[in-house]
Amino acid sequence: MVKRAVLIGINYPGTEGELFGCVNDVKRMHKCLVDRFGFSEENITELIDTDKSKIQPTGKNIRQALSELVGAANSGDVLFVHYSGHGVRLPPETGEDDNTGFDECIVPCDMNNITDDEIREIVDKVPEDCSITIVSDSCHSGGLIDATKEQIGESTKKAVKTKETGQEHGRNGVHVVNRSLSLQSMINMLKQETGKDDIEARNIRRSLVNAFGEDASPKVKETMNLQETEGLKKQVVRKKDKGILLSGCQTDQTSGDVRTKGQAYGAFSDAIQIILDETKGKKITNKELVLGVRELLEYECYPQQPGLYCSDSNADAPFIC
């Protein structure tokens, strides 16, 4: 058995969407994986955007890292992904049927978005007798693995609507910026990245394809084809779902990027580390971890509600077993 991980932290320095705690989240999780869970340094891949000597978390590089993570896996291996950065959600296009009503996306440093459908395809390539745990400390992260059973949360209950928090707020010396990227901010950052000014909300998918060509999201390119052919999204029947998603919030909520006393971190990532420390090395199930994090964040007055998305058996399995 080999334990492998991909850790992605994106602060977007110098942009209107700049964050401060995402790379710190990755560094902290890296140490946790080595010290607590026995991961070897050579089996941990980091992608961060605050050090140009490191692999940059572009859409192309993230896709390649995730593909290599799954491609190198064998039955019985333990796979883990941590993402800290912006999240954005796009309304589904013609022919799509999304169980949350939106396409949830993570936002690479170059704005070459990775959709929930892409994450689903990666999860489906995981070998038998192997699972992949994904921690996503980003806004709109509930349902990031498309069509995964919701164990804890309200993201797939479309009648339930939770009010999003504002872009910034502060209390008792704690400054919180949410990790949500509005569509307009994403467009502005995409213009900055590509130097193109003809990008609008109504043609955002076409703009992404034009900007990134073959490196664009396969699901975005597929959506364009669906629009042209008016085809339908093919349904996939899965014998066993190997994906485990711990989300920082519900699909219609935001996750906090916190700055206090010279420190910066994701509220969700920080809460995970606190709960793990409290177990003093003992195993904790995915369900117990998420419930503990929920309780802690509520006590600390954060409005976000983390979620758990996985099969029934994986809900009761140890976190990073």
Side-chain angles (χ1 to χ4, degrees), residues 6 66 69-70 73 75-83 87 89-92 96-106 114-162 219 232-253 255 268 271-272 275 283-295 297-298 304-321:
V6 170
L66 295 177
L69 176 73
V70 172
S75 179
D77 285 355
V78 174
L79 307 181
F80 180 77
V81 176
H82 180 106
Y83 171 76
R89 58 179 184 168
L90 305 176
E96 289 193 304
D97 180 21
D98 192 283
N99 62 326
T100 65
F102 290 87
D103 283 336
E104 286 79 33
C105 305
I106 63 173
I114 297 174
T115 69
D116 54 353
D117 298 285
E118 287 185 78
I119 303 297
R120 161 52 63 195
E121 289 192 353
I122 291 166
V123 168
D124 285 345
K125 293 176 182 178
V126 171
E128 292 298 323
D129 298 320
C130 182
S131 62
I132 181 169
T133 300
I134 300 175
V135 171
S136 186
D137 193 348
S138 59
C139 294
H140 314 305
S141 48
L144 188 59
I145 304 177
D146 187 54
T148 298
K149 184 174 181 179
E150 187 172 54
Q151 298 287 343
I152 300 173
E154 298 79 31
S155 289
T156 60
K157 300 177 179 65
K158 295 183 180 180
V160 177
K161 293 295 178 184
T162 305
K219 300 309 295 184
L232 294 176
K233 184 178 178 180
K234 183 170 66 176
Q235 299 297 312
V236 178
V237 178
R238 300 177 184 88
K239 293 182 180 179
K240 182 181 178 182
D241 197 338
K242 293 161 282 190
I244 303 166
L245 171 66
L246 287 74
S247 69
C249 61
Q250 302 300 293
T251 187
D252 59 349
Q253 290 182 326
S255 291
F268 179 53
I272 286 176
I275 298 299
K283 289 184 177 180
I284 183 171
T285 68
N286 292 304
K287 183 182 291 185
E288 289 169 341
L289 179 57
V290 172
L291 289 174
V293 167
R294 271 193 163 210
E295 183 178 350
L297 290 178
E298 182 179 6
Q304 67 196 75
Q305 297 172 305
L308 175 64
Y309 304 81
C310 61
S311 66
D312 293 341
S313 60
N314 279 333
D316 294 319
F319 177 63
I320 315 183
C321 54

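Only this structure's heavy atoms are used, side chains among them; waters, hydrogens and symmetry mates stay out.
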Partners meeting side-chain hydrogen bond (donor to acceptor under 3.5 Å, both in side chains) with S311 (sequence neighbours left out)
S313, N314
For A315 against C310, the heavy-atom pair lying closest together:
N-SG, 3.4 Å
What residue among D137, L246, L291, L297 forms side chain to side chain contact (heavy atoms under 4.5 Å, CB included) with P306?
L297
Heavy-atom pair with the smallest gap, counting every atom of D241 and A147:
OD2-O, 4.4 Å
My understanding is that only residues two or more places apart in sequence, or in another chain, count here; which of them pass side-chain hydrogen bond (donor to acceptor under 3.5 Å, both in side chains) with S75?
none
Hey, is R120 close enough to D116 for a salt bridge, meaning N to O under 4.0 Å?
no
Once salt bridge (Lys or Arg N to Asp or Glu O under 4.0 Å) is applied, what residue pairs with a partner in residues 307-321 remain, sequence neighbours excluded?
K149-D312, K287-D316
Has the side chain of T133 got a donor or acceptor atom that lies under 3.5 Å from a matching backbone atom of I320?
no
Any donor-acceptor N/O pair, H140 side chain to Q253 backbone, under 3.5 Å
yes
Separation of C139 SG from Q304 CD (nearest 0.5 Å):
8.0 Å
Indicate the atoms forming the closest heavy-atom contact of C249 with S141, along with that distance.
N-OG, 3.5 Å
Can you give me the closest heavy-atom contact between E104 and T251, atom names plus distance?
OE2-OG1, 2.5 Å
Using the rule side chain to side chain contact (heavy atoms under 4.5 Å, CB included), only one of V6, D77, V123 pairs with I132; which is it?
V123
Shortest non-hydrogen contact from E150 toward E154
OE2-N, 3.3 Å
Can you tell me how far the CG atom of L289 sits from the NZ atom of K283, to the nearest 0.5 Å?
14.5 Å
Going by side-chain hydrogen bond (donor to acceptor under 3.5 Å, both in side chains), name the residues that satisfy it together with N286, two or more places apart in sequence or in a different chain.
none
Taking only residues two or more places apart in sequence, or in another chain, which ones meet D129 in a salt bridge (charged side-chain N to carboxylate O under 4.0 Å, His left out)?
none
Working to the nearest 0.5 Å, report the span between CD1 of I145 and OH of Y309.
10.5 Å
side-chain hydrogen bond (donor to acceptor under 3.5 Å, both in side chains) partners of E295, counting only residues at least two apart
none
Give me the atom names and distance for the closest heavy-atom approach of S138 to Y83.
CB-CE2, 3.6 Å
Can you measure from CG (L308) to CG (L245) and round to the nearest 0.5 angstrom?
8.0 Å
